[in-house]
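Here's the structure we're looking at; comments come further down.
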Amino acid sequence: MAKGVWMVAEQRDGALRKVSFEIASAARKLADELGDEVCAVVIGSGVEGLAPELGKYGVDKVYVADAPVFANYTTDAYAAAVAKVVKENDPAILLCAASVLGKDLSSRLAGTLATGLAADCTELKIADGKLIAVRPMYAGKCFGQVVTSSFPQMASLRPNVFPVKENAKAGAVVKFDAGVSDADVKAKTVEVQKDASGKMELTEADVIVSGGRGMKGPEGYAILEELAGLLRAAVGASRASVDAGWRPQSDQVGQTGKVVSPNLYIACGISGAIQHLAGMSSSKYIVAINKDAEAPIFAKADYGIVDDLFKVVPEVTKEVKKILS
Amino acid sequence: MNIVACVKQVPDTEALIKVKPDGSGIDEGGIKWVMNPYDEYGVEEALRLKEAKGGEVTIVSVGPARAMETIRTALAMGAEKGVHVSDPLLDNTDAYTTAAALAAVIKGLNPDIIFCGQRAIDDDSGQVGSILAAILGIPQVTIVTKLEMADGKIKAIKPIEGAQLVIESTLPCVITTQKGLNEPRYASLPGIMKAKKKPVDVKNAAALGIATEPKAKVAKMTPPPDRAPGKIIAGDDPAAKAAELVRLLREEAKVI
């Protein structure tokens, strides 16, 4: 009988990512309801020392596969290692991050384990001992409640949504041999090119300052960059401004770009096309600055200013500087 | 080269999505159906590969009768033939079952490379390409923005948070395609005429010998929660309005 709430912790360069603590906190909550324990899987090279950190957020046991073959993420090696330990232990629930690598890993695992996966979930519940995973569909135009008939019941959790909660447990290390060698890796990561700009990742940012067609051109974004710098925010863009070549594709927020849920989303010169609203309407607070009072974005905004953004944004920046000084 | 591109028909990005009152699905009335935008990059990349290396592109789709339009669109873009898995038992099925259906078709095609969109913009699962690769027992490279092929291998760029990975994979493999990979072509008028005569095999689940019961079932759909009506900060002076906004964000919302 499948038992236990399991999770895959995501680490990069030997450090756990924040989403891992979000998942641990969510896993603890489910396990407490079920009266089960939380087990985490950590795969990497030189990562054994990460276990106590997971213990702090409610993890009872940490299964660690530590070997040079895991130095860089590869689907083949990581999925083989997780699948092995999961098959041996038969958990009821397996949670992963819906980060870029977590999505790759969790979907491969769903295939390898031949089980159901609810991807990019924003809420998890237990009903009659079963996991109910709530996830946005159609980029948030509606939500689906997913029930999985096979085990483990898999879900990937959208970063930045689940609260991090300390709840000290043992975090005891259980080392395991994944039995994976270099020869098993068919798709190899031959290079990791780090983004030297130090740019904040949209899907992980607490605050996003975003600009649309109203920015009038690539140079218009300078005022958004300045405000974003002060707020430690990421800068986003609408599809119109990406398609116009003003901003890189990686900045696009919307149904065919990134779906984000920051604490604060400041939309400047964005009218609010359906496909854009789909990508940001789960933000906790939305601010709209647009000179068109009829723009649909105002219907989603908690706070709106109808005015020329080129006059308003620099004033907002000045005010933020005042309160931060 | 034997190339496969998988496509899905989805509602257009501007479509208003209404959930049926009983929560069993979405109301399909008035929806304009299009090829999933991420699949367009896959079809385009398949065609470019064929044009560079020779060979044939087969389009495979799982979907109701209307999905044939999307297969014809891909054929009009330049693919040679199609396979349409159409079965009421597979309507709105899950990622695993879709991938199993695709795998059953694709096994027989013996491909060198398979393209899938990185996710479909309807259910947003982003799983089918990976599950397909797992079932076929071949490597995957997901969310790819650049692809090269040489010496029987591929080299792909995969952006992740704060970095990009350069990945080399053996063939055959599954590539899932992301915006930025290429600029998909439009079907030409002669292409559309020719597409009408290109062969498309139609198969059902029984012919493929696959199980149709989904592993992850959407038990209920709901509309998104309503947002409380917001405040428009009134006034004529941009500086005063900006000051009020910052005050509200700090004192009321407590987000800065």
Side-chain angles (χ1 to χ4, degrees), chain A residues 75-76 99-101 103-104 107-108 110-112 115-120 137-150 186-195 201 204 231 249-250 255-256 263-264 274-275 285 287 300-307 311-312 315-316 319-320 323, chain B residues 13-14 16-17 19 26 37 94 96 99 121-127 130-131 133-135 139-143 159-170 173 179-180 215-224 227 230-233 238-239 241-243 245-246 248-250 253 255-256:
Chain A
T75 315
D76 296 320
S99 57
V100 181
L101 296 180
K103 283 178 181 170
D104 183 84
S107 54
R108 180 77 184 201
T112 307
T115 192
L117 161 65
D120 210 16
M137 300 173 74
Y138 299 85
K141 292 176 187 173
C142 59
F143 284 69
Q145 298 178 7
V146 179
V147 179
T148 298
S149 55
S150 46
K186 307 283 185 231
K188 290 186 171 43
T189 301
V190 292
E191 196 187 341
V192 180
Q193 300 170 339
K194 293 208 174 128
D195 179 4
E201 169 61 28
E204 296 178 334
L231 294 172
Q249 190 261 311
S250 54
Q255 195 168 9
T256 54
N263 284 329
L264 173 60
I274 290 175
Q275 61 81 22
Y285 284 90
V287 171
K300 294 280 175 192
D302 299 283
Y303 305 114
I305 294 182
V306 182
D307 208 328
K311 289 182 185 149
V312 176
E315 294 296 336
V316 172
E319 288 297 323
V320 171
I323 60 165
Chain B
T13 52
E14 293 302 322
L16 273 170
I17 300 297
V19 175
I26 63 158
D94 68 342
Y96 190 91
I121 62 161
D122 52 359
D123 58 26
D124 285 326
S125 265
Q127 302 178 32
S130 303
I131 300 174
I135 294 174
Q140 68 191 51
V141 189
T142 58
I143 319 192
I160 62 171
E161 298 88 354
Q164 50 182 17
L165 305 183
V166 184
I167 299 174
E168 273 182 16
S169 176
T170 56
C173 67
K179 187 172 181 177
K215 292 181 184 295
K217 201 174 185 147
V218 180
K220 193 180 171 199
M221 284 172 80
T222 57
R227 291 189 79 92
K231 263 183 215 171
I232 296 288
I233 300 166
K241 285 190 279 191
L245 172 65
V246 172
L248 287 167
L249 291 176
R250 184 140 179 111
V255 284
I256 60 173

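Bear in mind that the values here come from a model prediction, so they are computed numbers and not experimental data. Chain letters run A, B, ... following the sequence lines, proteins first, then strands; residues in each count from 1. Just so it is clear, the values below take in all heavy atoms, side chains as well, and ignore hydrogens, waters and symmetry mates.
- For the atom pair A/Thr256 OG1 and B/Ile121 CD1, the distance stands at 7.0 Å (nearest 0.5 Å).
- A/Lys300 NZ: 12 or fewer foreign heavy atoms inside a 6.0 Å radius.
- Side-chain contact between A/Asp76 and B/Pro139 is present, with heavy atoms from C-beta onward closer than 4.5 Å.
- Within the 4.5 angstrom heavy-atom criterion, only backbone atoms of B/Pro159 (N, CA, C, O) approach chain A.
- Highest contact tally toward chain A, considering only B/Ser125, B/Ala219, B/Pro238, B/Ala133, is held by B/Pro238 [criterion: heavy-atom pairs under 4.5 Å].
- Inter-residue side-chain proximity for B/Arg227 and A/Asp302 is flagged as met; some heavy-atom pair is nearer than 4.5 Å.
- Every residue was checked against the side chain to side chain donor-acceptor pair (under 3.5 Å) condition with B/Arg250, not counting sequence neighbours, and none meets it.
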Note to self: side chain to side chain contact (heavy atoms under 4.5 Å, CB included), that's the test. Do B/Leu245 and A/Glu315 meet it? Break it down for me.
What the structure shows: CA-CA 10 Å; B/Leu245 172 65; A/Glu315 294 296 336; over 6 Å; no
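- By the side chain to side chain donor-acceptor pair (under 3.5 Å) test, A/Ser250 is found to be paired with no residue, residues two or more places apart in sequence or in another chain being considered.
- Within the 4.5 angstrom heavy-atom criterion, only side-chain atoms of A/Leu231, from C-beta onward, approach chain B.
- For the pair B/Glu161 and A/Ser99, the tightest heavy-atom approach, listed with the atom from each and the gap, is OE2-CB, 3.3 Å.
- Taken to the nearest 0.5 Å, the NZ atom of A/Lys141 stands 9.5 Å off from the CG atom of B/Asp124.
- Annotation: the span from B/Leu249 atom CG to A/Asn263 atom CG amounts to 11.5 Å, rounded to 0.5 Å.
- The candidate with the highest count of non-hydrogen atom pairs below 4.5 Å against chain B, out of A/Gln249, A/Glu201, A/Lys194, is A/Gln249.
- Ranked by non-hydrogen atom pairs under 4.5 Å with chain A, the options B/Thr222, B/Leu248, B/Asp123, B/Asp94 are led by B/Thr222.
- Looking at B/Val246, the atoms closer than 4.5 Å to chain A (heavy atoms on both sides) all sit in the side chain, from C-beta outward.
- The contact between B/Ile232 and chain A is made by backbone and side chain atoms together, counting heavy-atom distances below 4.5 Å.
- In this structure, no portion of B/Ala99 lies under 4.5 Å from any heavy atom of chain A.
- Once rounded to the nearest 0.5 Å, the distance linking NZ of A/Lys186 with CD1 of B/Ile167 reads 16.0 Å.
- Closest of all the heavy-atom pairs between A/Ala110 and B/Gln127 is CB-OE1, 4.5 Å.
- Between B/Thr142 and the options A/Val100, A/Asp104, A/Thr75, a side chain to side chain contact (heavy atoms under 4.5 Å, CB included) holds for only A/Asp104.
- Among B/Ile135, B/Leu16, B/Ile233, B/Ile143, the residue with the largest count of heavy-atom pairs under 4.5 Å with chain A is B/Ile233.
- A/Ala301 touches chain B through its backbone: at least one of N, CA, C or O sits under 4.5 Å from a heavy atom, while the side chain does not.
- Contact between B/Val19 and A/Cys142 at its shortest, heavy atoms only, is CG2-CB, 3.5 Å.
- Note that the CD atom of A/Glu319 and the NZ atom of B/Lys241 stand 14.0 Å from one another [nearest 0.5 Å].
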Notebook entry, point to check: When you look at A/Ile323 and B/Ile256, which way does the side chain to side chain contact (heavy atoms under 4.5 Å, CB included) test go after all the steps?
Noted result: CA-CA 9 Å; A/Ile323 60 165; B/Ile256 60 173; 4.1 Å; yes
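- Per-residue counts of heavy-atom pairs under 4.5 Å with chain A were compared for B/Cys173, B/Ala239, B/Pro223; the largest is that of B/Ala239.
- In terms of heavy atoms, B/Ala242 sits closest to A/Ile305 at N-CD1, 4.2 Å.
- Distance check: B/Leu165 CG to A/Glu191 CD gives 10.0 Å after rounding to the nearest 0.5 Å.
- The shortest distance between side-chain heavy atoms of B/Ile17 and A/Met137 does not fall below 4.5 Å.
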